[in-house]
Number of protein chains: 2
Amino acid sequence: MDKAERVMAAFREFSERSTQPRHVIAEKLVALGETGEAFSVETLLEELRRSDSGIGRATVYRTIEKLAQLKVLDRIDFADGSRGYRLCGTKGHHHHLTCRACHRVVEFELCLPQAKIDAIGRREGFTIEDHEISLYGLCDACRGDKVLKGKVPKDKVLKGL
Amino acid sequence: MDKAERVMAAFREFSERSTQPRHVIAEKLVALGETGEAFSVETLLEELRRSDSGIGRATVYRTIEKLAQLKVLDRIDFADGSRGYRLCGTKGHHHHLTCRACHRVVEFELCLPQAKIDAIGRREGFTIEDHEISLYGLCDACRGDKVLKGKVPKDKVLKGL
DNA sequence: ATAATTGCAAACTGTTTGCAGCACG
DNA sequence: CGTGCTGCAAACAGTTTGCAATTAT
C-alpha cells in the first residue's frame, strides 16, 4: 500500500503524529480513490464503520480537513451544492470537471493565464491568492438520464437584470 | 424603485404570482444590493424581521432559490465555504472575485475560451453545461488584516501526492 | 373558485465543539 | 511523561419539508 504510505508521509511532513486512526483512514482513502470517484465524508464514515474501525465522526472530519489543507486531498463542490473528496492526482495544478448526475470527477489542466488573473487583481485592488475553475456537465454514462430536478428551462432564464 | 420592479418582472416572466412577500423581498434585495456586497440568507432574514415584514424563513429560501434559478440573483460561494447572494450586475456572462476576509464581491468577465472547454468535454466524454470561475483573495481594505484562521503555511503544503 | 403561495414548526444534513481519557514520541 | 489525538455526545448552522391557512388570479 504505497500510496497510503505517502498519505502518512504527508502527516509526518507536517510534524503530526502517525496514529492508528490516521493509518486506517489513509488506507481507506486510497481504496476509495481507486475508482477515481469522489466520495462524501458520510461514505467514508460508513466504510470505516463497516470494518469496525471504531473511528469516530469527529476524527474523520478532522483528518479530512488536515489532508485537504495539505493539498493531499481535493475538495470538490458539486453542482448540487454537495461536497466530495478524492486523493489528488499526481498532476500539479489542476481543476475539476464533474458529472451532475453521478458525481464522477475528471481533472484537467486548462487554466486562465496568470498574467490575466494578476491584471484583474491589480485593477480591483485585490491580492489574489487562489482560484478555482469548475466545469459541470453530464458524463457519457449519465447522458440521456432525463430530467434533472427543479431545473429551469433555458428559455426562462433571465440574464442581465 | 425601478430595479425591484425588474425583479418582479422576472417572476411574472416565469408566470409566477406577484405576491406581497415577493414584493417586499424584491425591494430588500435591491436595498442590500446597493453596497455591492453579497449577503447571506440570514442577513436578509434579519433585515426582513427588522421591518416587521412577518415573512417566514421558508418563504425567503424559496424566493431566493427561484431568483437564483432565474439568474436574477448570483449565488456566490466564499472561500470559507459559506454562501452569499447578490443581484446580478447588468453584464452578461461573468465570474466572481471575492475577498476572503470581508466577502466583498467583484465581477469580472475573463473566461476560458469556449473552444477549449468544449475540447475537454469531447476528450472526456462529457457534455459540459456550465462552468464557474472563482478568484479568492484579499481586498485592499482587508489586506494587512493579519492571520487567517487555520491556514497552513505555504511551505508545508504538499502538492502532487 | 382554485391552484399557488405562505408561515410555522419540526425535521434534516453536514459539520463543529467541549471534554475526559488514550497513546504517540 | 506531556502534548496531541481520539471518541463521544451534544451543539450548531444552514436549509428543507409537511401541512393547514391564506391569497392572487
Working for side-chain contact (heavy atoms from CB on, under 4.5 Å), residues B:L67 and B:R62 | CA-CA 9 Å; B:L67 291 176; B:R62 290 188 272 233; over 6 Å; no
Thinking salt bridges, do A:R75 and A:E65 make one under a 4.0 Å N-O criterion?
-> yes
Apply ring pair (Phe, Tyr, Trp, His ring centres under 6.0 Å) to A:H95 and list each qualifying residue two or more places apart in sequence or on a separate chain.
-> A:H93, A:H131
Compare side-chain N and O positions of A:Y61 against OP1 and OP2 of C:dT15 and report whether any pair is under 4.0 Å apart.
-> yes
Do A:E107 and A:R86 meet the salt-bridge criterion of a basic N to acidic O distance under 4.0 Å?
-> yes
B:E129 bridged to A:R100 by N-O distance under 4.0 Å | yes
Sorted by chain and number, sequence neighbours left out, ring pair (Phe, Tyr, Trp, His ring centres under 6.0 Å) with A:H94 holds for A:H96
Provide, to the nearest angstrom, the distance between the CD atom belonging to A:E46 and the P atom belonging to C:dG14.
-> 10 Å
Side chain to side chain contact (heavy atoms under 4.5 Å, CB included) filter on B:R49, not counting sequence neighbours, yields B:E42, B:L45
Partners passing side chain to side chain contact (heavy atoms under 4.5 Å, CB included) against A:E16 (at least two apart in sequence or in another chain) | A:F11, A:F14, A:R22, A:K66
Check ion pair B:R12-B:E5 (N to O, under 4.0 angstrom) = yes
Side-chain donor/acceptor of B:R83 to base of D:dA13, under 3.5 Å = no
State which residues pass ring pair (Phe, Tyr, Trp, His ring centres under 6.0 Å) with B:F78; sequence neighbours excluded, sorted by chain then number.
-> B:H103
Check if the side chain of A:R17 and the base of C:dG25 share a donor-acceptor pair of N or O atoms closer than 3.5 Å.
-> no
Please report, rounded to the nearest Å, how far the P atom of D:dT15 is from the CD atom of B:E65.
-> 10 Å
Compile the donor-acceptor pairs under 3.5 Å between side chains in residues 115-125 of chain B and protein atoms, sequence neighbours left out, one pair per line.
from, atom 1, to, atom 2, distance (Å)
B:D118, OD1, B:Q114, NE2, 2.9

Reading nucleotides 17-22 of chain D from 5' to 3' and marking B where a protein heavy atom lies under 4.0 Å of the base, S where only the sugar-phosphate is that close, and - otherwise, the string is BB----
Is A:E42 touching bases, backbone alone, or none of the nucleic acid, heavy atoms closer than 4.0 Å?
-> nothing
Residues in contact with DNA chain C, drawn from residues 49-56 of chain B - heavy-atom cutoff 4.0 Å | B:G54, B:I55, B:G56
Could you tell me which residues satisfy side chain to side chain contact (heavy atoms under 4.5 Å, CB included) with A:T43, sequence neighbours excluded, listed by chain and number?
-> A:F39, A:S40
In whole angstrom, give the distance that lies between atom NZ of A:K66 and atom P of C:dT16.
-> 13 Å
Value in whole Å for how far the C1' atom of D:dG14 lies from CZ of B:F39 = 16 Å
May I have the distance from B:D80 (atom CG) to C:dT16 (atom C1'), rounded to whole angstrom?
-> 14 Å
Within 6.0 Å of CD in A:E46, more than 12 heavy atoms from elsewhere | yes
For the helix from C:dA1-D:dT25 to C:dG25-D:dC1, figure out the bend between the end axes, five pairs an end, and round to 10 degrees.
-> 40°
For A:F11 and C:dA23, what is the distance between atoms CZ and P respectively, to the nearest whole Å?
-> 18 Å
Excluding sequence neighbours, so at least two apart, what forms side chain to side chain contact (heavy atoms under 4.5 Å, CB included) with B:D52?
-> none
Write down the distance between CD1 (A:I64) and C1' (C:dT16), rounded to a whole number of angstrom.
-> 15 Å
Could you check which residues of residues 18-26 of chain A get a heavy atom under 4.0 Å from DNA chain D? Sort them by number, please.
-> A:T19, A:P21, A:R22
Nearest whole angstrom, please: distance from the P of D:dA24 to the CZ of B:R12.
-> 14 Å
